[in-house]
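For reference, the structure is listed below as structure tokens.
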Amino acid sequence: MNREDSPQNQESRDGGFGFTLLRKDKGSEARLGRITTPHGEVETPVFMPVGTQGTVKSLTPEQVFGLGSRIILSNTYHLYMRPGHDLIRKMGGLHRFMNWDHPILTDSGGFQIYSLGALRKITEDGASFQSHIDGSRHFISPEVCMDIQEALGSDVMMCLDECIPYPADFAYAERSLDMTLRWARRCKAARKNEHQALFGISQGGEYGELRRRGIEELVDMGFDGYALGGVSVGEPKEIMREITSEFAPMLPQEKPRYLMGVGLPEDIVESVYHGIDMFDCVMPTRNARNGMLFTSHGKVVIRNARYRGDDAPVDSACSCYTCRNYSRAYLRHLFIAGEILAIVLNTIHNISYFMNLMRQIREAIVKDTYRAFRDDFMSKLTVTDPENN
RNA sequence: GGAGGGGUUCCCGAGUGGUCAAAGGGAGCAGACUGUAAAUCUGCCGGCGAAGCCUACGGAGGUUCAAGUCCUCCCCCCUCCA
């Protein structure tokens, strides 16, 4: 890797990328770790708020950091389309551009190959997109993808992959997997800045033999971390659980393991149990904007009539800014009135909830009580909460 | 006092003989959201348990097989002229 010799290294604050496995829970596969990046350290298991367009929607970077976030996710495809990676490069990179001087992971655009299915075409060479913004045509190959992510200057780059939908038949899943593996090889060959970490992504749909072979090949190639991709694309929960429980342990012990796009609090708790270290999901931010709040007693749809005159905080067990200062009745009023502050306060709460959850998860691992923590968490899901009924 | 326009389901507002429990908004109510084309999307929105029946288009009466739609009278609102 020659990190010590790279010119970028001398400019960096803390050196290159690294992962230290600090502890493994005795009763489960759960792990406690530390990721080191040029922009700071991250304790794992970690949740990365999603900031697709170079912003965690509705929050300032100071707020995001203040809530406990130490790494965020941003997006190659979206920043390439607008404002353009060359502009961001000229502006000194994404960290400076968005005023976030902490770690950033950039997704590759692989998810847009899935989510913008109607607007793209895949060939062996890469993916051509018709811009969802102005209809113009663009082409992203593994090489272009690396160039964009290096222009953005993210701390962790993701390989370009094809995230296939669910369900997908075996033949398609296999063909796609093999292409994704060739793309991974090309990404690795094309990257110029060894200072930015590069993660490989497992695909193969729901097919165990494909997952297994894919992971073996990725590990042979050698990446700084490994992701399980192709989940949270509409598959039944059991399938996601199977993939996670069976293949997280197959990923190298000494590298971070990232479950892409996950997820619900219970999905996170369950996945940590099987040895996942990193998560990202739009859920806390998007659902906040849609009026759904995560709480220790289940979800709260703040616009519901039952909260009209409710003077209690959203979650009495939460000490976030929103819960310390505002009633459900006020939050409901703001949301129904379409006020911007509703979105801000909701997002503060949801991100706060996820950060607290991750903190509790780490504490449980430290205490070697993760299994009990997880069992307790899951049992509460099925209990009807008195406070909320 | 004269001339004209209008009163529609919670609100606004379409509808000028049957295809009308009545378009479309809004409000209200509920649901969805998992590497963000998302401050988005979906459903419900007179009553009764379904086929169906009942109650509804200012009020009363009438014409017609059939009226929110046509006629008569009445009540109320708006504009202009005195």
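Order of the sequence lines sets the chain letters (A, B, ...), proteins ahead of strands, with each chain counted from 1.
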For this session: Please state whether the phosphate of B:rG31, meaning OP1 or OP2, lies under 4.0 angstrom from any side-chain nitrogen or oxygen of A:N304.
Result: yes
Problem set entry | Length of the CG-P vector between A:N350 and B:rC33, whole Å | 14 Å
Problem set entry | Candidates B:rA32, B:rU36, B:rU34 - which lies nearest the side chain of A:C281 | B:rU34
Exercise. If pairing requires Watson-Crick or G-U wobble contacts with both distances under 3.5 Å, which nucleotide is the partner of B:rC10?
Worked result: B:rG26
Exercise. Taking atom P in both B:rA3 and B:rU72, what distance in whole Å separates the two?
Worked result: 15 Å
Exercise. Between A:Y207 and A:F170, does the ring centroid distance fall short of 6.0 Å?
Worked result: yes
Problem set entry | Pairwise P distance for B:rA39 and B:rG5, with rounding to whole Å | 49 Å
Exercise. Expressed in angstrom and rounded to an integer, what is the separation of A:I302 atom CD1 from B:rA30 atom P?
Worked result: 12 Å
For this session: May I have the distance from A:L259 (atom CG) to B:rU34 (atom C1'), rounded to whole angstrom?
Result: 10 Å
For this session: Ignoring the backbone of A:A305, work out which of B:rG35, B:rA32, B:rC29 is nearest its side chain.
Result: B:rC29
Problem set entry | Closest nucleotide among B:rG31, B:rA39, B:rU36 to the A:I343 side chain | B:rA39
Problem set entry | Of the listed nucleotides B:rC29, B:rU36, B:rG31, the one nearest the side chain of A:V301 | B:rG31
Exercise. Checking all strands, does A:N346 fall into the base, sugar-phosphate, or nothing category for heavy-atom contacts under 4.0 angstrom?
Worked result: nothing
For this session: Using whole Å, report how far CD1 of A:I201 lies from P of B:rG35.
Result: 14 Å
Seminar exercise, completed: Answer for the Watson-Crick or wobble partner of B:rG68, both distances under 3.5 Å, is none
Exercise. When rounded to the nearest Å, what value does the distance between C1' atoms of B:rG25 and B:rC45 take?
Worked result: 14 Å
Exercise. Using a cut-off of 4.0 Å on non-hydrogen atoms, how would the nucleic acid contact of A:I336 be classed: base, sugar-phosphate, or nothing?
Worked result: sugar-phosphate
Problem set entry | Ion pair A:R89/A:E150, N-O distance below 4.0 Å | no
Exercise. Closest heavy-atom contact between A:Y370 and A:I361?
Worked result: CE1-CG2, 3.6 Å
Exercise. When the ring planes of A:Y80 and A:H138 are compared, do they come out parallel, tilted or perpendicular, using 30° and 60° as the limits?
Worked result: perpendicular
Exercise. Does B:rG4 have a Watson-Crick or wobble mate here (both distances under 3.5 Å), and if so which one?
Worked result: B:rC78
Seminar exercise, completed: Walking RNA chain B from its 5' end, the first of A:Q53 and A:C159 to be reached, judged by nearest nucleotide, is A:C159
Problem set entry | Rounded interatomic separation in angstrom, taking OH from A:Y114 and P from B:rA38 | 15 Å
Exercise. Taking only side-chain nitrogens and oxygens of A:R308, does any of them come within less than 4.0 Å of OP1 or OP2 of B:rC29?
Worked result: yes
For this session: Applying side chain to side chain donor-acceptor pair (under 3.5 Å) between A:R328 and each of A:D311, A:D310, A:D315, report the one that passes.
Result: A:D310
For this session: Go through B:rU34, B:rG35, B:rU36 for me and flag the one nearest to the A:K57 side chain.
Result: B:rU36
Exercise. For A:I351 and B:rU34, what is the distance between atoms CD1 and C1' respectively, to the nearest whole Å?
Worked result: 13 Å
Problem set entry | Watson-Crick or G-U wobble partner of B:rC41, both distances under 3.5 Å | B:rG31
Exercise. Checking all strands, does A:R332 fall into the base, sugar-phosphate, or nothing category for heavy-atom contacts under 4.0 angstrom?
Worked result: sugar-phosphate
